[in-house]
Amino acid sequence: VLLFLSRGYFASKACAIEYEAAVRLGKPLILVHEANENKGGLPLQQARRDCPEAIRDEIFGTSRPVVSWQRSDAFQQVALKRIVAEALLASACAARPSIR
């Protein structure tokens, strides 16, 4: 499940349904962070603070990578490749849990 971390994400009831279900069901999470405050972003540390404490460790686990979403074409291509790589790794891990 891709979580797009932007201003208000953790305050949204619809998003809460999504991330709580993903955590409860043990779904792999891909975190994408919007840092540009002019585009609805926020500092990553603020996103961590906004996340409900009860599931913070499951969402922001110490080894979970966070893909930084950038607005320039070249950096978006890199971010998209990282997202795809994380999705493929999550799929492989789901099929063979010993991979991670």
Side-chain angles (χ1 to χ4, degrees):
V1 175
L2 188 144
L3 306 183
F4 194 82
L5 305 175
S6 57
R7 189 180 326 113
Y9 178 81
F10 288 108
S12 164
K13 288 182 183 181
C15 292
I17 291 168
E18 177 183 64
Y19 64 73
E20 288 172 356
V23 168
R24 184 177 65 255
L25 297 171
K27 297 293 184 181
L29 301 176
I30 300 171
L31 304 183
V32 179
H33 171 240
E34 172 61 78
N36 186 334
E37 292 184 35
N38 294 326
K39 301 290 185 181
L42 73 167
L44 184 57
Q45 289 301 339
Q46 182 64 49
R48 287 180 200 268
R49 285 191 298 272
D50 292 348
C51 181
E53 189 173 349
I55 60 172
R56 192 173 294 147
D57 287 343
E58 285 87 359
I59 291 184
F60 289 99
T62 57
S63 63
R64 186 180 315 285
V66 178
V67 177
S68 179
W69 186 250
Q70 303 293 324
R71 296 289 166 166
S72 72
D73 289 341
F75 288 113
Q76 278 185 349
Q77 293 298 318
V78 171
L80 288 170
K81 287 178 184 178
R82 286 194 60 208
I83 291 166
V84 169
E86 289 297 319
L88 290 172
L89 181 59
S91 295
C93 288
R96 294 182 45 207
S98 63
I99 290 179
R100 263 212 192 202

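The shown structure was predicted, so the numbers you read here are calculated from the model rather than taken from an experiment.
Annotation: side chain of Ile55 is in contact with side chain of Pro52 (closest heavy-atom distance under 4.5 Å).
Listed by first then second residue, pairs satisfying ring pair (Phe, Tyr, Trp, His ring centres under 6.0 Å) with a partner in residues 27-67 number zero, not counting sequence neighbours. Residue pairs meeting the salt bridge (charged side-chain N to carboxylate O under 4.0 Å, His left out) criterion with at least one member in residues 11-21: none, sequence neighbours excluded. Listed by first and then second residue, the side chain to side chain donor-acceptor pair (under 3.5 Å) pairs that reach into residues 42-52 are Gln46-Arg49, Gln46-Asp50, sequence neighbours excluded. Applying the salt bridge (charged side-chain N to carboxylate O under 4.0 Å, His left out) rule to pairs touching residues 26-45 yields Glu34-Arg71, sequence neighbours excluded.
Evaluated for a side chain to side chain contact (heavy atoms under 4.5 Å, CB included) with Leu31, the options Val67, Leu44, Ile59 yield exactly one hit, Ile59.
Each of Leu29 and Val32 belongs to its own hydrophobic cluster when Ile, Leu, Val, Met, Phe, Trp and Tyr are linked at side-chain heavy-atom distances under 4.5 angstrom. Leu89 and Leu3 sit in two unconnected hydrophobic clusters of ILVMFWY residues. Membership requires side-chain heavy atoms under 4.5 Å apart, directly or through other members. Taking hydrophobic clusters as Ile, Leu, Val, Met, Phe, Trp and Tyr residues chained together by side-chain heavy-atom distances below 4.5 Å, Phe4 shares a cluster with Ile30.
For Tyr19, the ring-ring contact (aromatic ring centres under 6.0 Å, His included) criterion is met by Tyr9, Phe10, not counting sequence neighbours. Annotation: side chain to side chain contact (heavy atoms under 4.5 Å, CB included) contacts of Ala21 (sequence neighbours excluded): Arg24.
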What donor-acceptor contacts under 3.5 angstrom involve side-chain atoms of residues 73-83, with partners at least two apart or in another chain?
{"from": "Gln76", "atom 1": "NE2", "to": "Gln70", "atom 2": "O", "distance (Å)": "3.3"}

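Under the 3.5 Å distance criterion, the side-chain polar atoms of Arg7 are left unmatched by any main-chain donor or acceptor of Leu42.
Gly40 and Ser6 get closest at one heavy-atom pair: O-CB, 3.4 Å.
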